[in-house]
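For reference, the structure discussed in these notes is given below.
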Amino acid sequence: MKTRFTSATPILFIVLLPALVTAAESDAGSDGKFSRSLSPESLGLKREKLTHLHFYFHDIVTAQKDQNKSTAKVAGAATGNGNSSLLTFGNVVVMDNALTATPDFTSKLVGRAQGIYASVSQSETSFLLVLNFVFTQGKLNGSTLSVLGSDPILSSVREMPIVGGSGVFRFSRGYALARTYSFDLVSLNAIVGYDVFVLHY
Ligand SMILES: *[C@@H]1O[C@H](CO)[C@@H](O)[C@H](O)[C@H]1NC(C)=O
Ligand SMILES: *[C@@H]1O[C@H](CO)[C@@H](O)[C@H](O)[C@H]1NC(C)=O
Ligand SMILES: *[C@@H]1O[C@H](CO)[C@@H](O)[C@H](O)[C@H]1NC(C)=O
């Protein structure tokens with residue numbers, strides 16, 4: 001995974017942020033006030049940075065000899081044709097998918113994609129994707145990014161909004177570009193490359 005900052009990064013700030021509760025945060029509410037104005041500086045917010053993340057997402061629908069299933073179908077519409085394909089309109093799947101540095105499943109694990117996808121289009125194969133990227137490596141360990149997007153899986157590039165984040169990614173916004181690297185029509189297992197661009201402090 002590649003992280004790039006547009007400006008010199010205040011190292012201490014990044015390292016401490018996930019664990020740090022600022023004075024402004026710990027004082028909140030102690031004076032009985034429901035709402036108040038704060039300066040961004042009081043939360044340690046300085047210059048906004050742009051970070052690019054690149055990783056691969058492994059959607060394991062059918063277990064393989066070296067890979068456990070990482071998805072579970074939890075609901076489906078009564079379509080009447082007995083079609084249990086995850087692609088069928090109305091199906092809802094929960095995932096805990098590995099995110100790795102390269103398309104190789106055994107390459108460095110950088111985090112997990114934890115969330116839900118639901119087949120939501122009656123005219124094409126398209127999912128509603130609601131997930132958190134939960135990062136587990138280096139300075140991103142414990143930080144998350146939240147995605148809420150439309151994923152028409154047969155399109156070569158799908159763009160999905162990043163609607164927020166936590167830890168290093170507090171106050172983040174941005175977008176993810178998803179490109180299918182491989183998709184097996186029999187197992188339905190897929191590897192998807194993600195390029196994520198986020199603005200955050
Ligand atoms: C699959 O799950 C089993 C049981 O939890 C575990 O022992 C095994 O290491 C897992 N395999 C992989 C490749 O993660
Ligand atoms: C099941 O649904 C999928 C997606 O709509 C479709 O591609 C597949 O052909 C269907 N299979 C059967 C047996 O109807
Ligand atoms: C990530 O953070 C967790 C919880 O603090 C810790 O147990 C784990 O060892 C960390 N992982 C890495 C790779 O730093």
Side-chain angles (χ1 to χ4, degrees), residues 1-6 48-61 69-77 85-103 105 107-137 140-185 188-201:
M1 181 173 51
K2 194 166 47 182
T3 46
R4 200 171 52 214
F5 296 96
T6 50
E48 217 172 20
K49 296 182 279 283
L50 176 64
T51 294
H52 172 212
L53 304 169
H54 180 66
F55 51 79
Y56 292 83
F57 161 109
H58 298 263
D59 196 47
I60 315 297
V61 173
K69 246 176 100 143
S70 60
T71 60
K73 180 182 155 189
V74 295
S85 162
L86 295 187
L87 308 179
T88 306
F89 176 69
N91 284 347
V92 180
V93 175
V94 172
M95 76 189 114
D96 180 16
N97 288 349
L99 302 177
T100 59
T102 77
F105 186 71
S107 67
K108 185 175 180 153
L109 183 72
V110 299
R112 306 203 73 90
Q114 297 175 331
I116 292 171
Y117 55 87
S119 181
V120 290
S121 171
Q122 291 180 286
S123 56
E124 58 175 342
T125 304
S126 186
F127 291 102
L128 164 70
L129 213 59
V130 184
L131 66 79
N132 292 309
F133 290 133
V134 179
F135 298 104
T136 53
Q137 282 302 320
L140 299 187
N141 189 9
S143 294
T144 67
L145 284 173
S146 300
V147 176
L148 177 59
S150 167
D151 187 9
I153 60 171
L154 299 179
S155 301
S156 57
V157 186
R158 290 86 70 189
E159 179 178 335
M160 291 177 263
I162 302 291
V163 296
S166 69
V168 167
F169 295 123
R170 285 175 177 179
F171 287 106
S172 70
R173 59 208 160 89
Y175 62 96
L177 299 178
R179 296 177 178 88
T180 302
Y181 176 82
S182 68
F183 178 56
D184 186 292
L185 279 170
L188 297 181
N189 291 347
I191 302 174
V192 181
Y194 273 86
D195 280 288
V196 176
F197 300 88
V198 276
L199 286 169
H200 61 102
Y201 288 94

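- Between the side chains of N141 and T136, no donor-acceptor pair of N or O atoms lies under 3.5 Å.
- The shortest side-chain heavy-atom distance between I191 and S182 falls under the 4.5 Å cut-off.
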Which donor-acceptor pairs under 3.5 Å do the side chains of residues 150-158 make with protein atoms, sequence neighbours left out?
{"residue": "D151", "atom": "OD1", "partner": "R158", "partner atom": "NE", "Å": "2.8"}
{"residue": "S155", "atom": "OG", "partner": "P152", "partner atom": "O", "Å": "3.4"}
{"residue": "R158", "atom": "NH1", "partner": "S155", "partner atom": "O", "Å": "3.0"}
{"residue": "R158", "atom": "NH1", "partner": "T180", "partner atom": "OG1", "Å": "2.9"}
{"residue": "R158", "atom": "NH2", "partner": "T180", "partner atom": "OG1", "Å": "3.1"}

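- The side chain to side chain donor-acceptor pair (under 3.5 Å) test applied to D195 returns H52, H54, R179, not counting sequence neighbours.
- For Y117, the ring pair (Phe, Tyr, Trp, His ring centres under 6.0 Å) partners two or more places apart in sequence, or in a different chain, are F127.
- Partners of S121 according to the side chain to side chain donor-acceptor pair (under 3.5 Å) rule, which considers only residues two or more places apart in sequence or in another chain, are S123.
- With values rounded to the nearest 0.5 angstrom, I162 atom CD1 is found 6.0 Å from F133 atom CZ.
- Here the closest heavy-atom approach between residue S143 and residue V168 is recorded as OG-N, 2.9 Å.
- Here S107 pairs with T102 under the side chain to side chain donor-acceptor pair (under 3.5 Å) rule; sequence neighbours left out.
- For the pairing with L128, the side-chain contact (heavy atoms from CB on, under 4.5 Å) check across L148, V92, I116 returns one residue only, L148.
- For the ring pair (Phe, Tyr, Trp, His ring centres under 6.0 Å) condition, no pair includes a residue of residues 143-167, sequence neighbours left out.
- From T71, atom OG1 reaches atom CE of M95 across 9.0 Å, with rounding to the nearest 0.5 Å.
- S146 places no side-chain N or O within 3.5 Å of a backbone atom of V163 that could act as its donor or acceptor partner.
- Distance check: Y201 OH to K49 NZ gives 10.0 Å after rounding to the nearest 0.5 Å.
- Atom-to-atom distance recorded for Y194:OH and L53:CG is 13.0 Å, nearest 0.5 angstrom.
- For the side chain to side chain donor-acceptor pair (under 3.5 Å) test, residues two or more places apart in sequence or in another chain that qualify with T144 are S166.
- Formation of a donor-acceptor pair under 3.5 Å by the D59 side chain with backbone atoms of N189 is not found in this model.
- Residues passing the ring pair (Phe, Tyr, Trp, His ring centres under 6.0 Å) test with Y181 are Y56, sequence neighbours excluded.
- In this structure, the side chains of F55 and V196 come closer than 4.5 Å at one or more pairs of heavy atoms.
- Note that CG of L131 and CG of L145 are 10.0 Å apart. Values are rounded to the nearest 0.5 Å.
- Taking NE2 of H200 as the start and CG of L50 as the end, the distance is 7.5 Å to the nearest 0.5 Å.
- Taking the ring pair (Phe, Tyr, Trp, His ring centres under 6.0 Å) definition, one finds that F171 meets it with nothing, sequence neighbours left out.
- Taking the side chain as every heavy atom from C-beta outward, Q137 and L99 never approach each other to under 4.5 Å.
- At a cut-off of 3.5 Å, with distance as the only test, no side-chain donor of S70 or H58 sits close to an acceptor on the other residue.
- Scanning all heavy atoms of the two residues, the minimum distance from A98 to R112 falls at N-NH2, 3.6 Å.
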